[in-house]
Amino acid sequence: MKKIAFLVLFVISRIGSPAMGSAGTLYTAPARVGLVLVGATADGFVLAVDGSSLNADGRISQEQKLFPVGRRAAVAIFGAVSVQDPVGAQVRGELNVSRIVDAWLKAHPETDLAAADHGLNSEIAGAANQFFSTRDPGAARGAFKFGVVLAGFADGKRVVNTTRYFMPAAKGRPVRVERTSTPVRDSDVWVFGNSAGVREMLSRAVQKRESGYAMLFRDAINLAETPENRRRDGRKAVVAPPNRLAIITPNDGFLWRQE
């Protein structure tokens, strides 16, 4: 594994800075492709993820982007799940983050959040550096490409860790990696995606200190996928089914919920 300098930066913007015991905080991170929602409750977490992936030819395909991690954590992928060489290239390669995550987790079924955070990101960074070592990033140099968020329990405490990957500055250079670890309070919500309607809906919910996030997140993703919101977002947001919903609690661990 190549040595990567992980920058610990607060790259996720915060809307509002409410006082302890009042409303939660809405954290947002832009991503053109996909939508990942994470909500902190008194019992743990609710997570909702869409199933979109954008291909090099502009078609939208389906990818799994939410996975259980051990018993009490989960990992979700946002941004470009699949990075592909342009259509018409003599040899077409692909960097598929979903497949990397799936393979690593199957090889480490007894992992926990801390081990998965290190192991998954080491694997992803290594594969990304190998992929981009022979490719010129061109006009996309330095641009955000994809990210992973791990949410769950570590040493009995709720944890949300985010790692974002940016295109290299030039051919042969490593990808840039930014890591964020966010303190967790009841009613906090994280939105990874560009859907304006979803951000507005969840901003209101956070201010009201709502915590029934399972149904709220289901409605939010369905809203993002309506024709009206697709027209509003245009090319800035790609959100498409199948959607997946899960909860994490200390006693029951990771559980899939019906979307």
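Values in this document were obtained by computation on a predicted structure and should not be read as measured data. Just the heavy atoms: all of them, side chains too, but no hydrogens, waters or symmetry mates, feed the values below.
Classification of the F217-Y213 ring pair by plane angle, with boundaries at 30° and 60°, yields parallel.
Side-chain atoms of D50 come within 3.5 Å of backbone atoms of A240 as a donor-acceptor pair (strictly under, hydrogens ignored). At distances below 3.5 Å, at least one donor-acceptor pair connects side-chain atoms of R71 with backbone N or O atoms of N251. Listed for the R158 side chain is a donor-acceptor partner under 3.5 Å among the backbone atoms of T41. Between the D85 side chain and the G93 main chain, a donor and an acceptor come within less than 3.5 Å of each other. Here the side chain of D117 pairs no donor or acceptor atom with the backbone of L113 at under 3.5 angstrom. With hydrogens and angles ignored, the 3.5 Å screen pairs no side-chain donor or acceptor of D188 with any backbone N or O of A40. Formation of a donor-acceptor pair under 3.5 Å by the R32 side chain with backbone atoms of A80 is not found in this model.
Closest heavy-atom contact between P241 and E225: N-OE2, 3.2 Å. Nearest approach of P183 to Y27, heavy atoms of both residues: O-OH, 3.8 Å. Between D233 and A196, the shortest heavy-atom distance links the atoms OD1-N, 3.3 Å. Residue F254 comes nearest to A74 through the heavy atom pair CE1-CB, 3.6 Å, listed as atom of the first residue, atom of the second, then distance. Here the closest heavy-atom approach between residue S52 and residue K65 is recorded as O-NZ, 2.8 Å. Shown here for V81 and S53, the closest heavy-atom pair between the two residues is CB-OG, 4.1 Å.
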Which atom pairs, donor and acceptor, lie under 3.5 Å between side-chain atoms of residues 140-154 and protein residues at least two apart or in another chain?
from: R141; atom 1: NE; to: G138; atom 2: O; distance (Å): 3.4
from: R141; atom 1: NH1; to: G138; atom 2: O; distance (Å): 3.4
from: R141; atom 1: NH2; to: G138; atom 2: O; distance (Å): 3.4

Can you list, pair by pair, the side-chain donor-acceptor contacts under 3.5 Å of residues 104-111, counting residues two or more places apart and other chains?
from: K106; atom 1: NZ; to: D102; atom 2: OD2; distance (Å): 3.1
from: H108; atom 1: ND1; to: W104; atom 2: O; distance (Å): 2.8
from: T111; atom 1: OG1; to: A116; atom 2: N; distance (Å): 3.4

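F45 meets the ring-ring contact (aromatic ring centres under 6.0 Å, His included) test with no other residue; sequence neighbours excluded. With sequence neighbours excluded, no residue satisfies side-chain hydrogen bond (donor to acceptor under 3.5 Å, both in side chains) with T249. For the side-chain hydrogen bond (donor to acceptor under 3.5 Å, both in side chains) test, residues two or more places apart in sequence or in another chain that qualify with E200 are R232.
Atom CG of residue L223 and atom CG of residue L202 lie 9.5 Å apart, to the nearest 0.5 angstrom. Put simply, CD on E63 and CG on N55 are 8.0 Å apart, with the number rounded to the nearest 0.5 Å. Considering NZ of K171 and OG of S133, their distance stands at 8.5 Å, rounded to 0.5 Å. For the atom pair M201 CE and R199 CZ, the distance stands at 14.5 Å (nearest 0.5 Å). Note: F192 CZ to L35 CG = 10.5 Å, rounded to the nearest 0.5 Å.
Using a 4.5 Å heavy-atom threshold, the side chains of L95 and I100 count as touching. Using a 4.5 Å cut-off on side-chain heavy atoms (C-beta onward), F132 and V83 make contact. Annotation: side chain of V206 is not in contact with side chain of T25 (no heavy-atom distance under 4.5 Å). W190 has its side chain within reach of V184: a pair of non-hydrogen atoms, C-beta onward, lies under 4.5 Å apart. The closest side-chain heavy-atom distance from R244 to L47 is not below 4.5 Å. You'll find the side chain of N243 reaches within 4.5 Å of the side chain of N222, heavy atoms only. Considering only heavy atoms from C-beta on, E178 stays 4.5 Å or farther from T162 through its side chain.
With side-chain heavy atoms closer than 4.5 Å counting as contact, directly or through intermediates, the hydrophobic cluster containing V33 also holds L54, I60, V238.
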Please step through side chain to side chain contact (heavy atoms under 4.5 Å, CB included) for the pair L66 and V36, ending with a clear verdict.
-> CA-CA 9 Å; L66 177 62; V36 172; over 6 Å; no
What do the steps show when you test V198 against L37 for side chain to side chain contact (heavy atoms under 4.5 Å, CB included), and what is the final call?
-> CA-CA 10 Å; V198 169; L37 308 177; 4.0 Å; yes
Evaluate the criterion side chain to side chain contact (heavy atoms under 4.5 Å, CB included) for residue pair V46 and L245; output intermediate values, then yes/no.
-> CA-CA 8 Å; V46 176; L245 187 68; 4.1 Å; yes
Would V87 and R92 satisfy side chain to side chain contact (heavy atoms under 4.5 Å, CB included), going step by step from the backbone distance to the final call?
-> CA-CA 8 Å; V87 176; R92 294 195 64 204; 4.2 Å; yes
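Side-chain contact, Q84 with D57: no donor N or O sits under 3.5 Å from an acceptor N or O.
By the rule that hydrophobic residues join a cluster once side-chain heavy atoms approach within less than 4.5 Å of another member, L216 and L255 end up as members of one cluster. In this structure, V49 is a member of the same hydrophobic cluster as W256, with clusters built from ILVMFWY side-chain heavy atoms closer than 4.5 Å.
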